[in-house]
Amino acid sequence: MPNNLVSVYIAHGQVEAQLIKSLLEAEGIPVMIAQEGAGAAYGLTVGILGIAEIFVREQDAGKAKEILEMGESNGNEGNEGKSEKDNET
């Protein structure tokens with residue numbers, strides 16, 4: 001993956017991050033997940049070590065955010081993560 005990556009989502013743990021990754025990759029968007037090593041090793045889903053950040057290429061960021069927002073508006077209220085848009089408020 002190129003160096004021009006943009007964060008589009010903050011997930012709570014690897015399980016949620018992998019679900020988001022699968023959703024975006026199914027739409028043809030390559031994804032990279034970054035999580036603190038200890039959090040990933042111990043499977044943490046809460047606190048700072050539980051955060052898993054979803055990165056996509058800069059040119060795919062708009063499409064990725066649209067896909068994630070569609071999922072949120074379609075009643076996926078159990079989704080506890082935050083899009084980068086949510087972090088701006």
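We count residues from 1, following the sequence as given.
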Work out which heavy atom in [X] is nearest to a heavy atom in [Y]; give both atom names and the distance.
{"X": "Lys65", "Y": "Val8", "value": "CE-CG1, 3.9 Å"}
{"X": "Val56", "Y": "Ala61", "value": "CG2-CA, 3.7 Å"}
{"X": "Ile51", "Y": "Ile10", "value": "CG2-CG2, 3.4 Å"}
{"X": "Pro30", "Y": "Gly28", "value": "CD-O, 3.5 Å"}
{"X": "Gln14", "Y": "Ala52", "value": "NE2-CB, 4.3 Å"}
{"X": "Ser7", "Y": "Phe55", "value": "N-CD2, 3.5 Å"}

- Message: I'd like to know if the side chain of Glu36 and the backbone of Gly50 have a donor-acceptor N/O pair within less than 3.5 Å.
- Response: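 Answer holds: no.
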- Examine distances only and state if a side-chain atom of Lys63 and a backbone atom of Glu27 form a donor-acceptor pair shorter than 3.5 Å.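 Confirmed, Lys63 side chain pairs with Glu27 backbone.
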- Above 12 or not: heavy atoms from other molecules or residues under 6.0 Å from CD of Glu25?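 Yes, because the 6.0 Å sphere around CD of Glu25 holds more than 12 heavy atoms from other groups.
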- Does the pair Leu24 and Asp60 meet the rule for a side-chain contact (heavy atoms from CB on, under 4.5 Å), with working shown? CA-CA 10 Å; Leu24 295 176; Asp60 294 328; over 6 Å; no
- Query: Can you tell which of Leu5, Ile33, Leu68 makes a side-chain contact (heavy atoms from CB on, under 4.5 Å) with Ile54?
  - Reply: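 Looking at Leu5, Ile33, Leu68, the match for Ile54 under the side-chain contact (heavy atoms from CB on, under 4.5 Å) is Ile33.
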- Residues forming a side-chain contact (heavy atoms from CB on, under 4.5 Å) with Glu66, sequence neighbours excluded: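 Per chain and number, Glu66 pairs via side-chain contact (heavy atoms from CB on, under 4.5 Å) with no residue.
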